Every structure is written in C-alpha cells, then in structure tokens.
**Q** 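Got a structure here, written out as structure tokens. Questions coming.
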Amino acid sequence: MNKKYVFANWKMYLDNDESLSLAAEFANEFKNLPENIKMAVFPSALSFLSVIKPLQDAQISVGAQNVHWVEKGGYTGEVSAHMYKSAGAEYVLVGHSERRHLFHETNHQVREKVEAILSVGLTPVVCVGETGKEREENKAEEVIEIQIKSAYHNIVWPEGRDIFVAYEPVWAVGTGTPCDPVEAERMHNLIKKQVVALTGITPVILYGGSVRPDNAQKYLNNPDINGVLVGGASANFQHWKEIVESIE
Ligand code: PGA
C-alpha cells in the first residue's frame, strides 16, 4: 500500500489553550487512522508539552518546528534537538522557508541542525524551495540542488532512518497560490534523484505551500508525492479533516 504522510505545521498560529483543544479534536477524530496514513503535528515550542500526550495516545507523532544545533549552553531563547528528544519528539522541521527568509537561516546552519537532529535520534524534515524571483529567473532547479547538496552531501545517515524532504516553494507558502501539482511532481522527481545520488536512499518527499481542502487531493493522490506539509489549513480542524479525508 502506498503510504501517505500528513504533517501539520501549526507555526505561531495557536496559543496554549487553542493548541490543547485542537490536539484533543485531532486525537478524537484520527485515533484510528488506517495504517497507510501517518500523521504528525508540529506545535509551537510553548505548547509542545501540553499536546504531546493526547496526540501520542492517538498514534499521532509530534515534532519540533525548529531547533538549535548545540545540545546545551548559553543560547537564550533557543531549544535544542536533545531537549525535544527528551520531551518525546520524533521529527524536526529544518530550513523551513520562514526560517530561511525571515530569520536568515543559511544552508550551512541547516546542515548543522540536520547533524544535531540525527545525533540525538530524531528525524529531520528538510524543507527546500525557491523564491518567486529565482523561479522567474529559471534558477529553481539550481537553488534546490544547492539546498539538497548542502543538507545531505557526505552525511552519515543512520541505518533504517527515513529521509524526509519537503518541497515548499517560497512563493507558495502562506500565499494562497499553490504550485501546480504537475510542476510539483517534476520538482519531486528531481529532488528524489539528487537525494538518491547523494545518499543511496529513496527519500519521502512531501509537498507544502497553500495546500487546502479544495486542492489537497491533487497532491495526496499523486504517486510521486508522498504526502503534504500543511501550515494555515492544519490549524483549522474542519479544513484539516477534509484534507486528510481526501486521501483515496
Ligand atoms: P501553508 O504553509 O500551508 O500555510 O502555505 C505551508 C508550510 O509552511 O509548511
């Protein structure tokens, strides 16, 4: 059976009470998901510890939206991969476009985070994507190749651990303008080829960027797209339910 991944990135949308009540709704609705659907939620750092129990009791994984690459130390305001591991996380988003573009995270920092995440036994979900300008200038492939290469070149990948990549074109994230599914498929195939060439492992590749109930099925039912990473629509119970239900 073709496995599908539905990952919910709650970004900075929900306060603690809202996170708790949405987690309870998710847990109640999705506690008996079929085995071919894997759901994970990425709550805020603040709400992580409140939502982890109800979600994990319902077999929903929980991940971090971001980590620092050092294990412990004087880094005011940061949370390390080690800390998330000790709190029960499974996945970590790395290099999300909002981190790269609003907080100037570099490919080098993304690589440091990937290594830190692997070293504590968590699974990084590396987000890659070109800006609208880069796409207009026909540089999309080149930008993605550089991002992928710096994340995975010469990396020692732990045996049995999946490689997760999210293709999230910057111009599609949070804009209401999703990438055409045929073009997303083309980019996914390009990413797959490159990751296999660098690591010998076939990656799980998710699409992200303005996935909504009315377009989700075009991504989720494409055999070359392993799932979706959803921001805005995942912070709304009804929208998220419709997205998950669109898996055929
Ligand atoms: P969006 O965000 O669904 O709100 O476009 C996607 C993401 O940032 O992962």
Side-chain angles (χ1 to χ4, degrees), residues 4-14 18-19 22 26 38-45 47-48 51 60-67 89-105 110 113-114 117 123-132 134-135 140 143-144 147-148 151 163-181 183-185 187-188 191 203-220 222 225-247:
K4 290 293 169 181
Y5 297 82
V6 280
F7 283 11
N9 175 10
W10 288 353
K11 305 195 185 189
M12 204 180 74
Y13 289 132
L14 307 169
E18 291 163 339
S19 301
L22 190 58
F26 276 28
K38 174 80 193 151
M39 185 179 292
V41 171
F42 297 79
S44 68
S47 302
F48 188 92
V51 302
I60 298 169
S61 297
V62 183
Q65 295 181 11
N66 178 44
V67 291
E90 286 175 54
Y91 301 98
V92 183
L93 300 182
V94 199
H96 186 279
S97 64
E98 286 150 11
R99 303 284 335 158
R100 290 181 190 266
H101 295 280
L102 301 174
F103 301 100
H104 312 293
E105 198 163 292
V110 169
K113 290 182 181 193
V114 169
I117 292 160
T123 300
V125 179
V126 174
C127 305
V128 298
E130 78 287 355
T131 63
E134 288 159 347
R135 176 158 282 267
V143 168
I144 303 294
Q147 292 174 343
I148 292 287
I163 295 185
F164 279 81
V165 181
Y167 172 56
E168 297 210 313
V170 181
W171 49 271
V173 172
T175 59
T177 307
C179 180
D180 178 72
E183 174 60 8
E185 178 186 320
M187 296 302 282
H188 278 224
I191 291 167
V204 174
I205 310 179
L206 315 179
Y207 168 74
S210 298
V211 174
R212 306 277 188 267
D214 63 352
N215 62 27
Q217 50 94 13
K218 291 188 207 150
Y219 304 100
L220 284 166
N222 182 320
I225 297 178
N226 303 115
V228 289
L229 175 58
V230 183
S234 75
N236 174 301
F237 176 67
Q238 194 52 37
H239 290 175
W240 183 242
K241 185 171 175 298
E242 286 173 36
I243 288 172
V244 177
E245 284 171 354
S246 69
I247 299 172

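Model, not experiment: these values are computed from the prediction. We count ligands from 1, going down the list as the structure has it; atoms in each ligand are counted the same way.
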**Q** So, the side chain of Ser47 versus the backbone of Ser44: is there a donor-acceptor pair under 3.5 Å, distance only?
**A**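 No; judged by distance alone, with no hydrogens or angles, the pair does not exist.
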**Q** So Glu105 and Lys113, salt bridge (charged side-chain N to carboxylate O under 4.0 Å, His left out) or not? Walk me through it.
**A** CA-CA 11 Å; Glu105 198 163 292; Lys113 290 182 181 193; 2.9 Å; yes
**Q** Any donor-acceptor pair under 3.5 Å linking the side chain of Arg100 with the backbone of Cys127?
**A**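 Yes, Arg100 side chain to Cys127 backbone: donor-acceptor pair under 3.5 Å.
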**Q** Can you report which non-hydrogen protein atom sits closest to atom 2 (O) of ligand 1, along with the distance?
**A**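 Result for atom 2 (O) of ligand 1: Lys11 NZ, 3.1 Å.
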**Q** I need the nearest protein heavy-atom contact for atom 6 (C) of ligand 1: residue, atom name and distance, please.
**A**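 Checked against all protein heavy atoms, atom 6 (C) of ligand 1 sits closest to Gly231 N, 3.5 Å.
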**Q** Would you find a donor on one side and an acceptor on the other, under 3.5 Å apart, between the side chain of Trp10 and the backbone of Ser234?
**A**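 Yes, Trp10 side chain to Ser234 backbone: donor-acceptor pair under 3.5 Å.
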**Q** Does ligand 1 have any atom that is closer than 4.0 Å to a heavy atom of Ala233?
**A**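 Contact check Ala233 vs ligand 1: negative.
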**Q** Where is the nearest protein heavy atom to atom 4 (O) of ligand 1: which residue, which atom, and how far?
**A**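 The answer is Gly232 N, 2.9 Å.
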**Q** With heavy atoms only and a cut-off of under 4.0 Å, state how Val173 meets ligand 1: side chain, backbone, both or neither.
**A**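 It is both parts that get close, each with some atom under 4.0 Å.
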**Q** Nearest protein heavy atom to atom 9 (O) of ligand 1, by residue and atom, and its distance?
**A**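 Ranking protein heavy atoms by distance from atom 9 (O) of ligand 1, first comes Glu168 OE2, 2.7 Å.
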**Q** Assess the side chains of Tyr167 and Glu185: does a donor N or O sit below 3.5 Å from an acceptor N or O?
**A**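 Distance-only check fails for Tyr167 and Glu185.
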**Q** Among all protein heavy atoms in this structure, tell me which lies nearest to atom 8 (O) of ligand 1, with the distance rounded to 0.1 Å.
**A**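 So the nearest neighbour among protein heavy atoms is His96 NE2, 2.5 Å.
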**Q** Based purely on interatomic distance, does Gly208 place a nitrogen or oxygen under 3.5 Å from a nitrogen or oxygen of ligand 1?
**A**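 Gly208 vs ligand 1: no N/O contact under 3.5 Å.
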**Q** Judged by atom type as modelled, is there a donor-acceptor pair below 3.5 Å linking the side chain of Lys38 to the main-chain atoms of Phe7?
**A**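 Looks like no, no N/O pair under 3.5 Å.
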**Q** For atom 5 (O) of ligand 1, which of the options Cys127, Gly176, Gly174 provides the nearest non-hydrogen atom?
**A**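 Nearest option to atom 5 (O) of ligand 1, by heavy atoms: Gly174.
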**Q** At a 4.0 Å threshold, what atoms of ligand 1 neighbour a non-hydrogen atom of Asn9?
**A**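 Selected atoms, number and element: 8 (O), 9 (O).
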**Q** Is Glu90 reaching over with its side chain to a backbone N or O of Thr123, donor-acceptor style, under 3.5 angstrom?
**A**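 Not at all, since once roles are kept as given, no pair shorter than 3.5 Å links the two residues.
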